[in-house]
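Take a look at the structure set out below.
Just so we're clear, the structure is a prediction, and the values are computed from it rather than from any experiment.
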Amino acid sequence: MNRTPNEWLLYCRAGFEADLGAEIADRAARAGATGEVVTPTPNAGFVRWRTAEGAANAIHRDIRLDSLVFARQSLVAFEPLMLDRQDRLGAIVSLVNQSGWNFESVWHETPDTNEGKSLVRLSKSLSRPLESALKKGGGLRRKAGGRRLHLFWLSGESVQIGMSFPGNRSEHPGGVLRLRHPSDAPSRSTLKLEEAWHVFIPRDRWEERLADGMQAVDLGAAPGGWTYQLVRKQMFVYAIDNGPMDKGLMATGQVEHLREDGFVWEPPYRLDWLVCDIVDKPMRVIDMVERWLVKRWCREAIFNLKLPMKKRWEEVNRCLARLEHELGARHIAATVRCKHLYHDREEVTVHVELHD
């Protein structure tokens, strides 16, 4: 067993392993990193990138988690470790001690699959005994640079040991931000926008960028799942859709429902926010949002791109490259980020902030 971490371990939604593999292979090639994607198991919920000894930490540092679309978590990792059912802890403690690394905390995680969930009870039963053994060996201590040890359980006999560093990791177990669905929301899609705010906007800037009295538009709004989130933030909303809106939202007095086509509607003045969850071809949505940004009809935008069944990374990359090129060609300063959120399905969420 190699005692130096030589893998880059990334979590993703089950079924998107090939897309994440294509993304990291593309990003690594552009960064000049050598290595290869270990053939991903379909619907496994993770991808492994194997590289030269000692190089895993560099690629993890250079390609940040928040710049990746399909990854939920990013770890520097050792090769999977086979365990003896009679002494699972011995091999884990031995590997950590021999590696020379130490950590401030230990997280037990499993793939976000039905098979992974069946391993949760096992991992919990080993948590306290493992922490005690690591403390005795010096692998777990109070001050260790914020490093976290991750035990990613693959089966009852196999675990992949990884590590994460402050500022370049998800602070949610499994890389998943779980939100409670509001009972009065018109649809479950409301959680997509709420999660997007958590992911794209620093919490200490919410009062500034999600302020009371702001004005927003929801293109393709009906029945109002995303409008619901805007109203909760005390914004005034143009809801653009030919379909009916939720009666409770309309009763707030904060929503003006216009039965028009979201692809052609134009605002009467500059708005603070554009949000859009229209089901259509990704590039058609890009064309529409690009027009809004070029004409500066909004200050920030969050929108979804519905993905094809195959070559999803290629389509996302094509759309983002097109948007960034057009903004750059017009000398429009903007930050563009894209993420396959936990509450997304066959789509990704894009956030654009214009810099005036």
Original post:
Hey, does the Lys NZ or Arg CZ of Arg148 hover above the aromatic six-ring of Trp107, less than 6.0 Å from the centre and inside 45° of the axis?
Top reply: yes
Original post:
Any luck finding a side-chain donor-acceptor pair between Asn6 and Arg50 under 3.5 Å?
Top reply: no
Original post:
Are side-chain N/O atoms of Glu194 and Thr190 paired as donor and acceptor at under 3.5 Å?
Top reply: no
Original post:
Is it true that the side chains of Thr349 and Asn304 contain a donor and an acceptor less than 3.5 Å apart?
Top reply: yes
Original post:
Within the distance-only criterion (no hydrogens, no angle test), does the side chain of Glu17 pair as donor or acceptor with the backbone N or O of Ala44 below 3.5 angstrom?
Top reply: yes
Original post:
Taking the side chain from Arg205 and the backbone from Leu210, do they hold a donor-acceptor pair closer than 3.5 Å?
Top reply: no
Subject >> Phe263 six-ring centre to Arg284 NZ/CZ under 6.0 Å and within 45° of normal >> reply: yes
Subject >> Listed partners of Arg322 passing side chain to side chain donor-acceptor pair (under 3.5 Å), at least two apart >> reply: Asp287, Glu290
Subject >> Tyr238-Trp265 aromatic ring centre distance below 6.0 Å >> reply: yes
Subject >> His60 and Phe165 aromatic centres sub-6.0 Å >> reply: yes
Subject >> Candidates Arg72, Arg13, Lys117 - the one meeting side chain to side chain donor-acceptor pair (under 3.5 Å) with Asp112 >> reply: Arg72
Please table the atom pairs, donor to acceptor, closer than 3.5 Å between any side-chain atom in residues 122-129 and protein atoms at least two apart or in another chain.
residue, atom, partner, partner atom, Å
Ser123, OG, Val120, O, 2.8
Ser125, OG, Leu122, O, 2.6

Subject >> SG-CH2 distance between Cys276 and Trp226, expressed to the nearest 0.5 angstrom >> reply: 7.5 Å
Subject >> Quiz item: cation-pi between Arg141 and Phe103, 6.0 Å / 45° >> reply: no
**OP:** Measure the spacing between CG of Leu154 and CG of Leu151 and express it to the nearest 0.5 Å.
**Re:** 10.0 Å
